Undergrad: 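After the structure tokens below, expect a handful of questions from me.
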Amino acid sequence: MAKMWAGRTAGETDQNADDFNSSIRFDCRLYEQDIRGSMAHASMLAARKIIPAEAGGHIIDALEGILADLQNGRLEFNPAAEDIHMFVEEILTERIGEEGKMLHTARSRNDQVALDLRLYLKEETAKIIEKLKQLILVITDQAEKEKNTILPGYTHLQRAQPVTFGHHLMAYVMMLDRDISRLSDCRNRMDVSVIGSCALAGTTYDTDRFLEAKLLGLSSVGENSLDGVSDRDFAAEFLFDLSVLMMHLSRFSEEILLWTSWEFGFVELDDRYTTGSSIMPQKKNSDMAELVRGKTGRVYGDLVAILTVLKGLPLAYNKDMQEDKEPVFDGVDTIHMCLDVFTPMIETMKVKREAMKKAAQRGFINATDLADYLTRKGMPFRDAYKLSGKLVATCIETNTVLEDLSLETYRTYSTLFEDDLYEAIDLENCVNRRISYGGTSVASVEQQIQHTREKYKG
Ligand code: ARG
């Protein structure tokens with residue numbers, strides 16, 4: 001096929017080389033951004049009288065037509081085209097002839113691809129942030145319902161201290177809140193117009209890059225043309241942000257998998273988000289959570305791929321950079337798929353309060369409170385800690401719990417023990433005394449819920 005870029009060469013390339021070189025099968029996703037970029041460019045060229053106003057008008061009308069035709073399927077991508085930029089320009093020239101050939105004045109595909117990816121990711125980032133807000137509100141609603149539900153809090157996966165399930169859930173809200181803040185930050189760094197870098201060095205034409213930025217709704221203009229076409233930091237940063245987000249969803253998924261096991265039995269997922277086994281009729285598997293956990297690996301892979309592509313590249317554009325798009329698209333698709341199933345899964349999950357309470361009663365999770373009790377009565381904390389440990393050991397030997405030991409037994413260990421010790425180690429009291437800022441008390445969780453709703457409820 002004859003190439004638009006056949007300047008110095010005769011333009012005959014090997015078929016395999018053509019296929020290898022072509023990116024249309026994946027960068028066709030950027031058609032809208034590419035066309036919008038071209039429309040802004042044509043407007044600027046006409047406004048600056050670099051091309052005749054009439055030609056500018058014809059180009060813009062034709063581009064609008066191409067966009068509409070692609071949107072409603074009247075026009076199909078040509079798999080033989082080299083990339084989306086060439087494809088659009090080829091169709092444009094096919095449709096309006098000579099004037100179409102004026103569009104590529106004072107720009108380069110290097111500018112186009114850098115611009116298109118920024119515009120695309122700016123939009124996708126906004127969509128992902130919206131979905132994260134939804135998830136945050138869903139978790140917050142569950143937290144509100146479960147603000148009095150006591151379960152063991154764990155460290156080292158060993159029962160540690162009582163917490164409320166509301167508090168536990170709100171911990172994930174905090175993580176997602178940081179994810180939103182990271183993505184919003186990253187979005188600001190995408191919000192830069194790099195069109196007009198003109199391959200690498202700028203141009204001799206009297207262009208107006210600020211007008212192009214304004215037409216495209218971008219907040220600023222790249223200050224250095226070499227950087228403009230070489231920079232993919234924003235894409236790497238975006239994939240890092242998605243990786244951290246996936247890490248959070250994966251940790252949450254891991255907990256859901258533990259909670260839905262027979263051994264824990266803390267949570268039951270709605271049938272719509274579980275699967276059965278082809279052989280074991282009793283099974284109800286939490287495949288969605290497992291898949292979210294599993295897909296985390298591929299998003300990490302996307303991040304590592306883009307970082308590796310970029311690490312050895314000299315300035316400015318190199319064809320290696322064509323490899324930036326598939327990881328980005330894969331990251332975007334994976335996040336949307338995960339969030340679309342994760343949010344309703346959390347929304348519909350049933351909490352088994354009794355099972356949580358039972359687990360809380362059997363793990364000596366009030367032992368710290370017993371030590372604190374003695375400390376309040378005047379015993380140094382280290383001694384109180386040791387003595388409480390001994391009492392726990394006694395309970396384990398005699399198969400009982402701290403609540404059921406008699407006051408007499410307690411007093412053989414220390415005469416500081418009095419009747420009020422039972423109130424001190426009552427699980428509900430243990431939770432509600434943790435009134436320190438950010439603690440697990442109901443009042444604190446209510447405050448977390450309120451702050452979150454103020455921030456995210458429209
Ligand atoms: N398809 C290319 C990419 O995705 C577009 C830019 C090509 N520029 C060039 N001078 N070959 O990166």
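As a basis for the values below, the full set of heavy atoms in this structure was taken, side chains included, without hydrogen atoms, waters or symmetry mates. Atoms within each ligand, like the ligands themselves, are counted from 1 in listed order. In this text, all values refer to a predicted model and were calculated from it rather than measured experimentally.
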Undergrad: Output all residues satisfying side chain to side chain donor-acceptor pair (under 3.5 Å) with Glu99, sequence neighbours left out; order by chain, then residue number.
TA: His58
Undergrad: Below 3.5 Å only, please: the N or O atoms of ligand 1 paired with protein N or O atoms, distance on each line.
TA:
unit_1, atom_1, unit_2, atom_2, d
ligand 1, 1 (N), Ser23, OG, 3.1
ligand 1, 1 (N), Asp83, OD2, 2.9
ligand 1, 1 (N), Gln322, OE1, 2.7
ligand 1, 4 (O), Lys325, NZ, 2.7
ligand 1, 8 (N), Asn110, OD1, 2.9
ligand 1, 10 (N), Asn110, OD1, 3.1
ligand 1, 12 (O), Tyr317, OH, 2.4

Undergrad: Tell me which donor-acceptor pairs under 3.5 Å the side chains of residues 147-157 have, and how far apart each pair is, sequence neighbours excluded?
TA:
unit_1, atom_1, unit_2, atom_2, d
Lys147, NZ, Glu144, OE2, 3.2
Lys147, NZ, Glu446, OE2, 2.8
Thr149, OG1, Glu146, OE1, 2.5

Undergrad: When you compare the side chain of Leu70 with that of Ile35, does any pair of heavy atoms fall below 4.5 Å?
TA: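 They are in contact (side-chain heavy atoms under 4.5 Å apart), so the answer is yes.
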Undergrad: Tell me whether Glu212 is salt-bridged to Arg209, with the criterion being a basic N under 4.0 Å from an acidic carboxylate O.
TA: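 No, no charged N to carboxylate O under 4.0 Å.
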Undergrad: Sequence neighbours left out, what passes side chain to side chain contact (heavy atoms under 4.5 Å, CB included) with Arg48? Give chain and number order.
TA: Met44, Ile50, Asp206, Asp208
Undergrad: Do Arg182 and Asp185 sit within salt-bridge range, that is, some charged N less than 4.0 Å from a carboxylate O?
TA: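 A salt bridge is absent here (no side-chain N lies under 4.0 Å from a carboxylate O).
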